Amino acid sequence: MVQFNLKKKITTGNGPVLLDINVSLGVGEFVSIFGASGAGKSTILRMLAGLAVPDAGSISVDDAVWFDSTRNINVLPQRRSIGFVFQEYNLFPHMTLRENLQFAFDGKEDSQVIDDFLNIACLTEVQGFKPQKLSGGQKQRAALIRALIRKPKLLLLDEPFSALDLPMRFTLQQEILKIHERFKIPTILVTHDAADIARLSKRVLILQEGVLHEESQGLQIPKQL
């Protein structure tokens, strides 16, 4: 179970907004957060990962408290069991693909686990390549398995398809669904593309004026933002 109740003042294209977020995720649930660019979607993920500090609230994952403003608890990002896939993938350019995966183990390589993930993502043949020699789709799959390889408690996807063409976008969405079904990790996807949601998520939260609303509450996803 993942639960977070967070408040943070941010500045959007429409001026100052108070993010006031209260969400619970069940085991293995895949949730999409949908909203316009600059509405605060990525800020929500950054607060969960410990990369941004909420003004108030709490974050708990299973039996662990990661943040609690009333008890002055703020667990460091590296001590939160998070897998985070950024828009830019953030692979280390001086490392091969395999070395990028080894880094996720903090120097304690588990060769069999790495081999298994490379096989799952169909990346075994390019494991010796550095990121500049990988295609956009290969980089996205590499970033995804690097985020998953330590079996995090929570997976965060920040607009992971934004730089891909439509055929590759669809292919990688299917890969994510397969991997999610296999590992059952609670996952949050943020996007401003309704097509991503239609293919990936059964539960949709719409971010409007700093508040997340369930789609079932009568709000409809616009075809375009």
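As the structure is a computational prediction, the values presented were derived from the model and not from experiment.
- The side chain to side chain donor-acceptor pair (under 3.5 Å) test with N100 is passed by exactly one of R146, H94, K130: R146.
- Between D115 and T124, every side-chain heavy-atom pair lies at or beyond the 4.5 Å cut-off.
- Using a 30° and 60° split on the angle between ring planes, F30 and H180 fall in the perpendicular class, above 60°.
- In this structure, L156 CG and I82 CD1 are separated by 4.5 Å, a value rounded to the nearest 0.5 Å.
- Residue S58 holds its OG atom at 8.0 Å from CD of Q3, rounded to the nearest 0.5 Å.
- For the pair A39 and L19, the tightest heavy-atom approach, listed with the atom from each and the gap, is O-CD2, 4.1 Å.
- By the criterion of side-chain heavy atoms lying less than 4.5 angstrom apart, applied directly or through intervening Ile, Leu, Val, Met, Phe, Trp or Tyr residues, L18 is not grouped with I10; the two fall into different hydrophobic clusters.
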Quiz item: side chain to side chain contact (heavy atoms under 4.5 Å, CB included) between W66 and S81: does it pass, once the steps are laid out?
Solution: CA-CA 10 Å; W66 289 356; S81 183; 4.3 Å; yes
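- With contacts defined as side-chain heavy-atom distances shorter than 4.5 Å, the pair I44/V190 does not qualify.
- Between the side chain of E181 and the backbone N or O of K178, no donor-acceptor pair lies under 3.5 Å.
- Residues R98 and S111 are in side-chain contact: their nearest non-hydrogen atoms beyond the backbone lie under 4.5 Å apart.
- In this structure, the separation between CG on L118 and CG on L97 is 5.5 Å, given to the nearest 0.5 Å.
- Using modelled atom types, no side-chain atom of K7 and backbone atom of P54 make a donor-acceptor pair closer than 3.5 Å.
- Counting heavy atoms of neighbouring residues, nucleotides and ligands inside a 6.0 Å radius, atom CD of Q78 exceeds 12 of them.
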Exercise. Output, in order, the C-alpha distance, side-chain angles, deciding distance and verdict of side chain to side chain contact (heavy atoms under 4.5 Å, CB included) for Q173 and L177.
Key: CA-CA 6 Å; Q173 286 166 350; L177 284 176; 5.7 Å; no
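- The neighbour count for Q174 CD, taken as heavy atoms of other residues, nucleotides or ligands under 6.0 Å away, is above 12.
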Practice problem: Carefully, step by step, assess I176 and Q140 under the rule side chain to side chain contact (heavy atoms under 4.5 Å, CB included). | Solution: CA-CA 10 Å; I176 284 178; Q140 200 274 352; 3.8 Å; yes
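- Counting heavy atoms of neighbouring residues, nucleotides and ligands inside a 6.0 Å radius, atom CD of Q132 exceeds 12 of them.
- For the atom pair E99 CD and I114 CD1, the distance stands at 10.5 Å (nearest 0.5 Å).
- Remark: R80 fails to qualify as a cation-pi partner of F67 under the 6.0 Å distance and 45° angle criteria applied to the six-membered ring.
- Here R203 pairs with E214 in a salt bridge; the nearest charged N to carboxylate O distance falls below 4.0 Å.
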